Engineer: 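A single structure is presented below for examination.
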Number of protein chains: 2
Amino acid sequence: MTVTIKDVAKKAGVSPSTVSRVLSNHPRISKETSQKVKEIVEELGYHSNIMARGLISNKTYTLGMVLPRPAEELFQNHFFSESIRGITTQASRQGYDVLMTAGSSEQDEVEAVTRLVKGRRVDGIILLQSRKNDPIISFLQKEAFPFILIGHYGSEDILCVDNDNEQASYDATVHLISQGHERIGFVSGPTNLTVSEDRLKGYQKALSEHGLRMEPDWIVEGEFLQESGYRAMAFFMNLPERPTALVVIDDIVTFGVLRGLTELGYKVPDDLSLVSFNNIALSELSSPPLSSVDIGIYQLGYMASQLLIRHIDEDKPQQLRTIVPHKLIVRESSVNLRRNWS
Amino acid sequence: MTVTIKDVAKKAGVSPSTVSRVLSNHPRISKETSQKVKEIVEELGYHSNIMARGLISNKTYTLGMVLPRPAEELFQNHFFSESIRGITTQASRQGYDVLMTAGSSEQDEVEAVTRLVKGRRVDGIILLQSRKNDPIISFLQKEAFPFILIGHYGSEDILCVDNDNEQASYDATVHLISQGHERIGFVSGPTNLTVSEDRLKGYQKALSEHGLRMEPDWIVEGEFLQESGYRAMAFFMNLPERPTALVVIDDIVTFGVLRGLTELGYKVPDDLSLVSFNNIALSELSSPPLSSVDIGIYQLGYMASQLLIRHIDEDKPQQLRTIVPHKLIVRESSVNLRRNWS
DNA sequence: CTGAAAGCGCTTACAG
DNA sequence: CTGAAAGCGCTTACAG
């Protein structure tokens, strides 16, 4: 039923070995033979069986990926789809496919990865999130299996693509300072993600460099959910002395802040100025449009594939950490009109 | 380096055949042997090589999926990530992984699918979009390869999960009629998608059943982009006689409409009432919150995996078409307050 | 330049 | 209940 290499060989009047060589562009093969075999291949619609080939070469031309768990993922619909699009597009271009698994718990995830690695189902793994103390990373390190992390893992020597999140957050904060703000708050994400930590650092650095007050009450931790923004907003607006501007970890969270403010009759940016991260499509459409740091999510995914594949092929990566540039997009939510127009 | 079945066999003092039988829970195997082998498997961290196994059984325990092309995909970030989450979660639960490829053109896509099918790389394929005259579908039908379509393909006999989009659109339109509207417009999506067609039909049916006017000018086609909504809005508001309410193909498009209206100083729902589809997270957060038909995207994905796997295992699907129920969520954008409170 | 043979890691009738 | 043998579809030294 399925066309095998034998069928092609028979029809072409050569041996299977020869067909195989033609298909892999072996140098020492005569032009006529090559041509003839290729014709037959076309005619019969032959495609080599990936299993059989992989069994020998120990290559699958597949990159593995673990889908974030619902609990953690909710937030990042945008990050998720954009990075996957980047990963898959680039992988396809280089002749790789992308395999996804999901786990419903951390242990599930580790098991899924183990299965992929030990079962030789993929040639490398892409991790979409950098969590602290990630057992998946320990496992992959132990196995010396090729992988790349979007983000970073402390300062360990692993292959990764990342933004300079500290700098990005610093830039966002300095922008607010330049708009005349002196009381600036920070709405963070889950503390077990390195990105939360990095952005907090950048924020603090900006404040301290400009001699501004750092108030513990002005830093709130949450998740990548609108609810978190809503709650943070409620908290801030009830403080006796409240910030006049916020740096927010994610656009989605900012939508929550915005909604709360609107309900209470506050105005953005007059009563509270906002800058956040990701620059999702809707941030431009909200009213007012949101200032946001574009972190190049598609490019993060794209680079992840590219670097991982290079690592798989060449073994020794020249450079472990690659930084994707960010860009602050200033929109109404953080522009103090009165100052600008004076 | 890698642990094979032979290593396990040697250490357990049995033959590879026996190890294989233990692993596949063959009935006639002694308890002691089984136990012993399992211990060794655990101890050595043995995982069976998927390639080798697949080569024999002709099963990959993998479902294939073609990532929509950027041009078409932009719109559907939400649909995309939610359905993939549904697909992958359910697949994982049933012991399957999901393989993604991307193609940058229609031909690329067909080639990618051909490679997956002919190379025996997957056991079945999930199609995320139902386009008219899709060469991928023709190919899969010709090959008699298991696949499932999210949506439907005319009235052809193929396995699919779908919403009753005609009914959903009918419901949305009737809701507007019940709010007292008599001039209702429709903003559609790309005409090559069956979903656009189905929803247009439902809208027309509702109007005709209620004896309302059907004005060609009140029907606009666009894409799943905010820009489309913006343009549609501009068009409608410039008509000498304009609709007082719109049924819009997708929440994202509605955001474009909303933005335009806000810019021009119109109010929703007073000047124009809006209902759309998908019920994405942000539709609740916009101002005003959007009425939207929840079509159960996660469930569409989830069912797609489940039904496809069943089809793969059992061969004969009992039922070809499965309908995921929809639900109209009414929010401010379509509620005529004056009428309701009178 | 090309073919016969061995083997990748596993499964499964065939014997016993 | 278990082992030896054949084979899944391919690749790749080894000869020639």
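A note on names: the letters A, B, ... follow the listed sequences, proteins ahead of strands, and every chain is numbered from 1. Please read these numbers as outputs of a predicted model, since none were measured by experiment.
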Engineer: If I take atom CD1 from residue B:I84 and atom OH from residue B:Y298, how far apart are they, to the nearest 0.5 angstrom?
Structural biologist: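 One finds 13.0 Å between CD1 of B:I84 and OH of B:Y298.
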Engineer: Answer yes or no: is there a donor N or O on one side and an acceptor on the other, between the side chain of A:N163 and the main chain of A:V324, under 3.5 Å?
Structural biologist: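 The answer is yes, because a donor-acceptor pair under 3.5 Å joins these two groups.
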Engineer: How long is the span from the CD1 atom in A:I125 to the CD1 atom in A:I137, to the nearest 0.5 Å?
Structural biologist: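 It comes to 11.5 Å.
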Engineer: Closest nucleotide of DNA chain D for B:A52 versus for B:S30: which of these residues is on the 5' side?
Structural biologist: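 It is B:S30, whose closest nucleotide lies nearer the 5' terminus.
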Engineer: Determine the contact category for A:S48: base if any of its heavy atoms lies under 4.0 Å from a base atom, sugar-phosphate if only primed atoms, P, OP1 or OP2 are that close, otherwise nothing.
Structural biologist: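 Touches sugar-phosphate only.
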Engineer: Test your reading of the model: is there a side-chain donor-acceptor pair from B:T114 to the backbone of B:V110, 3.5 Å cut-off?
Structural biologist: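 Yes; at least one donor-acceptor contact below 3.5 Å.
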Engineer: Indicate yes or no for a side-chain donor-acceptor contact from B:D123 to the backbone of B:T60 under 3.5 Å, with no hydrogens or angles considered.
Structural biologist: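 Side chain of B:D123 to backbone of B:T60: a pair is present.
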Engineer: Expressed in whole Å, how much space separates the P atoms belonging to D:dA6 and D:dT2?
Structural biologist: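 Approximately 23 Å lies between the P atom of D:dA6 and that of D:dT2.
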Engineer: Quick one: the dot-bracket string of DNA chain D, using Watson-Crick and G-U wobble pairs with both distances under 3.5 Å, [ ] for crossing pairs and | for bases paired to another strand.
Structural biologist: |||.||||||||.|||
Engineer: Return the set of residues passing ring-ring contact (aromatic ring centres under 6.0 Å, His included) with A:Y61 (not counting sequence neighbours), or none when no residue passes.
Structural biologist: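 Expected list: A:Y96.
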Engineer: Please list, in 5' to 3' order, the outermost nucleotides of DNA chain C lying under 4.0 Å from any heavy atom of chain A.
Structural biologist: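 Taking any atom under 4.0 Å from a heavy atom of chain A, the span is C:dC1 to C:dG9.
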Engineer: Counting any heavy atom closer than 4.0 Å, what does A:T33 reach on the DNA or RNA strands: base, sugar-phosphate only, or nothing?
Structural biologist: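 Touches sugar-phosphate only.
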Engineer: With nearest nucleotides of DNA chain C determined for B:T18 and B:L55 from heavy-atom distances, which residue corresponds to the more 5′ nucleotide?
Structural biologist: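 The residue whose closest nucleotide sits nearer the 5' end is B:L55.
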Engineer: Which whole number of Å gives the distance between the C1' atom of C:dG16 and that of C:dT12?
Structural biologist: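 Rounded to whole Å, the distance is 16 Å.
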Engineer: Quantified in whole Å, what is the P atom distance between nucleotide D:dA15 and nucleotide D:dT11?
Structural biologist: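 After rounding to an integer number of Å, I get 22 Å for this pair.
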Engineer: Applying side-chain contact (heavy atoms from CB on, under 4.5 Å) to B:I158 and B:R321, what does each step give before you reach the verdict?
Structural biologist: CA-CA 8 Å; B:I158 62 179; B:R321 190 164 185 210; over 6 Å; no
Engineer: Flag the pair A:V98 / A:I87 as yes when at least one side-chain heavy-atom distance between them is below 4.5 Å, and no otherwise.
Structural biologist: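 SC-SC contact between A:V98 and A:I87 confirmed.
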Engineer: Regarding B:I56, tell me which of base, sugar-phosphate or nothing describes its non-hydrogen contacts under 4.0 Å with the strands shown.
Structural biologist: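 Touches a base.
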Engineer: Can you find a heavy atom in the side chain of B:L159 that is under 4.5 Å from one in the side chain of B:F147?
Structural biologist: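 In short, these two side chains do not touch, never coming nearer than 4.5 Å.
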